[in-house]
Amino acid sequence: MARYAMVIDLRKCVGCDACTVACRTEWDVPIGHARTWVEQSVTVGEFPNVSGTNWVAQCNHCDEPSCIEPCPTGATFQLKNGIVKVDTDLCIGCGYCVEACPYDARYINPLTNKVDKCDFCEARLEEGLQPACVTTCTGDAKFFGDLEDPNSEVYKKVYEEGAWRNENDNAAIGPNVYYLGTPEQLEIVKEKFGPREPRLLPPAQAWKNILKPVVLTAIGATFAGQAVAFFNQLRKGEEPIDD
Amino acid sequence: MSISRREFIKRGALTAGALTILSGTTVKGLNKKNFPKGWKGRQRVKEIPSICEMCFWRCGILGNVDKHGKLLKIDGNPNHPLTEGRLCARGNAGHKLAYDPDRLKYPLMRVGKRGEGKFKRVSWDEALDFMAEKLKKIKAEYGAEAVGFFPHGIQARFFEHLMKGFGTPNIVEPAFAQCRGSRDVGYKLTFGNSVGSPEPLDFENTDLMVFIGTHIGENVFTGQNLQFANAIERGAKLIVVDPRFSVAAAKADYWLPIKPGTDTALLLAWMHVLIYENRYDKEYIRKYAIGFDQLKKHVKDFTPEWASKITGLPASLILDTAREMGKYYPKVGIHPGRHVAWYGNDSQRARAMAILTALLGSYGRPGGIYLSSKIPAPKYPSGKNPKPGPRADGAGTVYPFGSRGLGITNGLIDATYDEDPYPIKAWIVYSQNVLQSIPDPWKTKEAIDKLDLFVVVDIMPMEQYLYADLVLPEATYLERYDDLYTVKNAKKPFAAIRQPIIDPLYEAKPGWWIAKETAKRLGLEEHFQWETIEEYLDYRLSGLGKTLQQVQAKGIVVYDKGTPYYDFSKPIHFKTRSGKIELYSQTLKDYGFDPMPVYEPVEEVPKGYFRLTYGRSPVHSFARSQNNEILHGYMPENELWINSTVANQLGLSDGEYVRLENQDGILSNNIRLKVTPGIHPEAVFMVHGFDQKSPALRLAYKHGASDNYLMSRVNIDPLSGGTGMRVNFVRIIKNGQPVMVSGAESIVPKFKKNTKTRTPKKRIVVPQAATEAGESEEGC
Ligand code: SF4
């Protein structure tokens with residue numbers, strides 16, 4: 001079995017957005033949304049004593065994902081290899097997982113009304129290809145592989161070079177995108193790009209146990225349309241219609 | 001790297017087990033067929049190798065095409081020796097150029113006034129007949145030299161070939177005078193060779209990289225980015241001189257936030273330290289250079305303290321960085337820069353960089369600048385070109401070191417405007433963007449007014465198209481064959497082909513077709529003796545022992561005969577006048593220029609104003625990608641970088657919109673402020689290429705501010721004819737009111753008095769033999 005992970009070397013990253021455009025074209029991610037995103041030239045200090053970094057982020061395929069629990073339909077799940085996925089047939093676009101992810105790695109695709117996010121390009125992996133962002137990276141700053149394979153680049157970077165996990169008091173859920181960077185770079189990352197607290201929307205908390213079977217039944221009984229309407233209501237914070 | 005970047009696991013390595021669910025839900029199996037949904041890789045039926053042209057670097061691409069012939073996605077070509085299968089953001093967004101709904105679709109003939117943008121659609125026959133008739137008439141009346149040709153890139157080579165056959169000497173590219181011309185001049189005067197493209201920096205072996213204004217990471221060539229990042233990973237050190245805290249500066253061991261315009265002072269002080277502390281490569285200099293004693297005397301007083309006062313940099317920082325170079329030579333890679341048309345003293349600054357490179361012994365040595373090679377790709381036999389008359393742009397005459405291969409755009413515009421030395425009656429602009437890439441666009445428009453024929457061959461309806469008499473829609477790089485692309489500046493030199501990935505959309509035509517068809521109408525068929533483009537490419541590839549068909553599968557032929565370094569066991573001849581590296585240039589002296597670089601102060605920034613600086617973004621190319629749907633999405637408009645302390649003093653905050661007014665009272669479009677500690681207080685910075693003024697570019701129209709339209713003045717480099725463009729000053733206008741420190745006032749009245757800046761300081765006329773015509777080379 002494998003445990004997939006990525007290491008991003010911020011020392012090498014030039015913030016050029018090649019990765020994010022490759023991802024966008026690979027997966028038709030609409031403009032304004034992203035599976036992976038870059039911030040170039042994040043600068044702190046006072047002239048001329050400044051330091052800076054570029055920043056790259058995406059779904060972290062965490063050890064303990066906070067996005068799975070709140071999903072009322074089971075559309076979000078995790079593979080044994082660690083990839084956290086969305087089954088778009090089951091997704092009703094309620095957005096609870098979007099709120100629950102402390103890295104803001106998920107978005108609702110306005111064209112499909114389903115949640116979308118990075119899946120480490122699983123389809124490409126199946127074809128024997130690297131994730132699109134890794135293949136195209138102009139700085140050779142992204143590394144993908146199996147953390148359980150001691151010969152893999154990611155293994156070496158994580159266990160031998162000490163690649164760092166972007167965790168803090170808000171969320172420590174074992175992200176599997178690791179970072180290498182200078183101390184100054186990681187300082188900036190901690191200050192500006194640390195995870196937020198996972199938000200569990202009140203209705204999600206209250207309703208999830210009741211709703212899950214209801215929705216699954218609804219889907220099973222091909223009343224999916226109703227279920228979607230139902231959750232759209234819920235998302236807007238309205239009272240669910242009692243059917 | 002032990003595993004291939006592209007293939008990381010073999011097909012099927014994800015076992016069925018891997019697809020079972022680890023946690024979270026009660027869903028039972030997976031419906032594999034809808035999962036992952038609609039992935040493009042599965043619709044791909046062909047992967048066609050070719051080369052990118054989202055910028056002029058031409059990285060290797062693979063076009064993924066579906067069964068309907070639609071381009072799904074562009075990947076990098078792993079066979080490309082410099083990019084190894086990677087592409088930048090623009091390269092990845094290339095399909096949106098082909099599918100841009102705003103593209104030029106049909107030949108158009110002007111029906112309204114110039115500038116109105118009123119056209120009628122015509123057939124290719126009508127269009128080419130019209131152009132040929134006009135050209136013939138102009139030639140009969142004024143001579144072939146009355147036709148000016150403005151090409152860019154390999155796509156224009158066939159037409160350039162035609163223009164040479166037609167007989168005009170007036171072929172000009174901004175790659176010289178608006179970009180790297182002065183660098184080529186400076187290095188050629190010193191080493192006998194201009195550095196060429198891509199810069200042959202041996203980052204693989206370098207111990208110390210030195211950038212002066214070079215902003216790799218923002219100014220992107222995929223291959224150079226890669227080499228740079230790998231050098232950083234290897235632990236190579238980095239010195240960055242830049243008034244802006246660029247991406248590269250953020251990775252540097254030493255950032256030198258220099259006062260804009262004072263670089264030559266720094267370079268002289270570095271030389272001083274190396275020489276007077278005995279930290280230069282004595283043997284290399286003794287054997288291969290001339291003029292060391294003069295140089296030593298020349299830099300005697302240029303101490304770090306002296307330079308500190310001028311540059312605003314601490315003397316200790318100047319000293320430390322010089323010592324770092326002294327420690328690591330010859331493995332020091334001083335990047336010669338690319339866009340170096342800054343202040344009008346640029347060839348001399350480039351000379352200073354070349355001399356510094358020589359002192360460190362790093363030219364032609366591992367870790368420094370390696371040597372370019374040759375590629376045996378013969379030219380297709382062609383008719384003999386007529387002997388052209390004298391040039392109008394001043395290359396080789398008014399500007400003695402101006403390239404006669406690339407020409408001087410602004411020289412030709414001046415000549416057209418002044419009708420001096422003779423009238424220019426037609427312009428053919430081919431893949432160039434004359435209003436956004438050459439400063440003083442007002443003058444360019446007035447020059448256009450004087451023409452009998454203005455033809456634009458382009459893909460997108462850029463502002464210039466509004467003024468054209470005839471517009472010819474060119475096929476995109478994804479739809480055509482082009483001339484063979486040969487790269488000599490690579491450790492393993494190579495040739496790459498461009499071949500069609502999709503059929504041309506609308507009525508767009510490839511450049512070779514346009515040129516060949518025009519040739520027929522001009523009676524110049526002897527210059528196009530090949531029947532098909534395939535035959536032409538076969539011929540050129542024959543020198544490499546290949547046929548086109550053999551190259552089509554990989555797209556690249558590597559020619560494994562690079563000799564990247566000098567063999568110091570043999571005598572070395574530099575192609576300079578003396579045969580040696582010229583620290584002291586008798587040639588410059590003879591032409592009345594300083595034989596060794598001197599620091600000439602640039603005009604101080606007036607109180608309340610900022611020096612306008614500009615540069616590149618990794619998601620746009622020049623002024624030509626702003627309408628690309630994806631790239632527009634990333635960066636719909638540019639921002640104005642302003643120092644945070646200054647912004648605080650002026651009460652300006654991040655994200656607010658302002659306008660800029662320059663010294664000539666010219667007002668920019670709105671631009672959003674980026675308040676940052678990462679820029680020198682004297683300067684503001686914006687990414688070039690915004691505020692597109694053609695309404696036919698529906699996304700890019702009027703987004704952001706145009707740096708080019710704020711460049712109403714330039715300082716001409718007397719050696720090269722290049723336009724120093726960082727000589728424009730701007731003040732900030734917010735809600736219609738100037739925002740200035742107290743006591744400052746408008747400088748417009750003062751500047752009004754001296755409006756003409758284009759006249760060169762020294763009008764020296766020298767024989768043409770003073771410079772060699774270089775082969776026209778890649779873009780800027
Ligand atoms: S640097 Fe980018 S835009 Fe330029 S040729 Fe390479 S991939 Fe294309």
Side-chain angles (χ1 to χ4, degrees), chain A residues 1-2 9 11-18 20-22 24-26 31-32 40-41 43-48 50-54 65 68-69 71 74 76-82 87-90 119 122-130 134-141 144-145 153 216, chain B residues 5-11 13-14 17-27 30-31 34-37 39-41 73 75-76 85-89 92-93 95 216-217 220 222 225-226 229-230 232-233 245 247 250-251 255 257 618-619 629-630 633-634 643-645 676-679 681:
Chain A
M1 192 37 57
D9 192 338
R11 296 167 305 185
K12 299 186 80 184
C13 171
V14 293
C16 73
D17 265 309
T20 69
V21 178
R24 186 173 301 283
T25 56
E26 189 87 44
I31 291 290
Q40 196 182 39
S41 286
T43 305
V44 298
E46 283 227 13
F47 181 90
V50 292
S51 64
T53 190
N54 306 309
I68 291 180
E69 259 308 278
C71 176
T76 282
F77 58 95
Q78 190 165 31
L79 301 175
K80 275 191 184 155
N81 58 27
D87 184 335
T88 46
D89 272 0
L90 292 175
D119 65 356
E122 195 203 5
R124 288 176 59 99
L125 303 184
E126 282 183 43
E127 301 266 316
L129 300 171
Q130 295 246 0
V134 175
T135 304
T136 212
C137 175
T138 70
D140 189 24
F144 177 79
E153 273 173 319
L216 287 176
Chain B
R5 302 295 303 161
R6 189 168 149 79
E7 285 196 31
F8 120 92
I9 38 171
K10 292 289 160 243
R11 202 172 287 261
L14 281 181
L19 289 168
T20 56
I21 294 159
L22 182 67
S23 68
T25 77
T26 53
V27 180
L30 278 179
N31 183 359
N34 79 55
F35 165 104
K37 255 201 184 115
W39 177 51
K40 291 179 175 155
K73 181 176 190 286
D75 287 329
R86 299 159 199 282
L87 291 178
C88 79
N92 270 295
H95 55 302
I216 293 183
V220 169
T222 303
N225 249 15
L226 181 61
N230 285 340
I232 298 266
E233 187 180 36
F245 192 61
V247 164
K251 297 190 187 303
W255 175 42
V619 297
E629 185 193 332
I630 290 179
Y634 275 71
N643 178 281
S644 42
T645 313
T676 168
I679 187 164

Candidate pair B:R86 and A:D140, rule side chain to side chain contact (heavy atoms under 4.5 Å, CB included), full reasoning = CA-CA 9 Å; B:R86 299 159 199 282; A:D140 189 24; 3.5 Å; yes
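Nearest heavy-atom pair across B:A229 and A:K12 is O-CE, 3.4 Å. Considering all non-hydrogen atoms of both residues, B:L87 and A:A18 come closest at O-CB, 3.2 Å. Across all their heavy atoms, B:P677 and A:T43 have their closest contact at CG-CG2, 3.9 Å. Counting all heavy atoms, side chain and backbone alike, B:V247 lies closest to A:S41 at CG2-OG, 3.5 Å.
Looking only at heavy-atom pairs under 4.5 Å with chain A, the residue among B:I216, B:N643, B:T645, B:L226 that has the most is B:L226.
For the pair B:S644/A:F47, no side-chain contact is recorded, criterion being any heavy-atom separation below 4.5 Å from C-beta on. Within the 4.5 Å cutoff, the side chain of B:V220 has heavy atoms near those of the A:C16 side chain.
The structure places SG of A:C13 at 12.0 Å from CD1 of B:I232, a figure rounded to the nearest 0.5 Å.
Between the B:Y634 side chain and the A:T20 main chain, a donor and an acceptor come within less than 3.5 Å of each other. The backbone N or O of A:G52 sits nowhere less than 3.5 Å from a side-chain atom of B:K251 that would complete a donor-acceptor pair. Of the possible donor and acceptor atoms, none in the side chain of B:E233 sits under 3.5 Å from a partner among the backbone N and O of A:A141.
With sequence neighbours excluded, the residues forming a side-chain hydrogen bond (donor to acceptor under 3.5 Å, both in side chains) with B:K73 are A:E26, B:D75, listed by chain and number. Residues passing the side-chain hydrogen bond (donor to acceptor under 3.5 Å, both in side chains) test with B:T676, sequence neighbours excluded: none.
Partner of B:N92 under the side-chain hydrogen bond (donor to acceptor under 3.5 Å, both in side chains) criterion, chosen from A:T25, A:T138, A:T136: A:T136.
Contact of A:D17 with chain B is made through backbone and side chain together, with heavy-atom distances under 4.5 Å.
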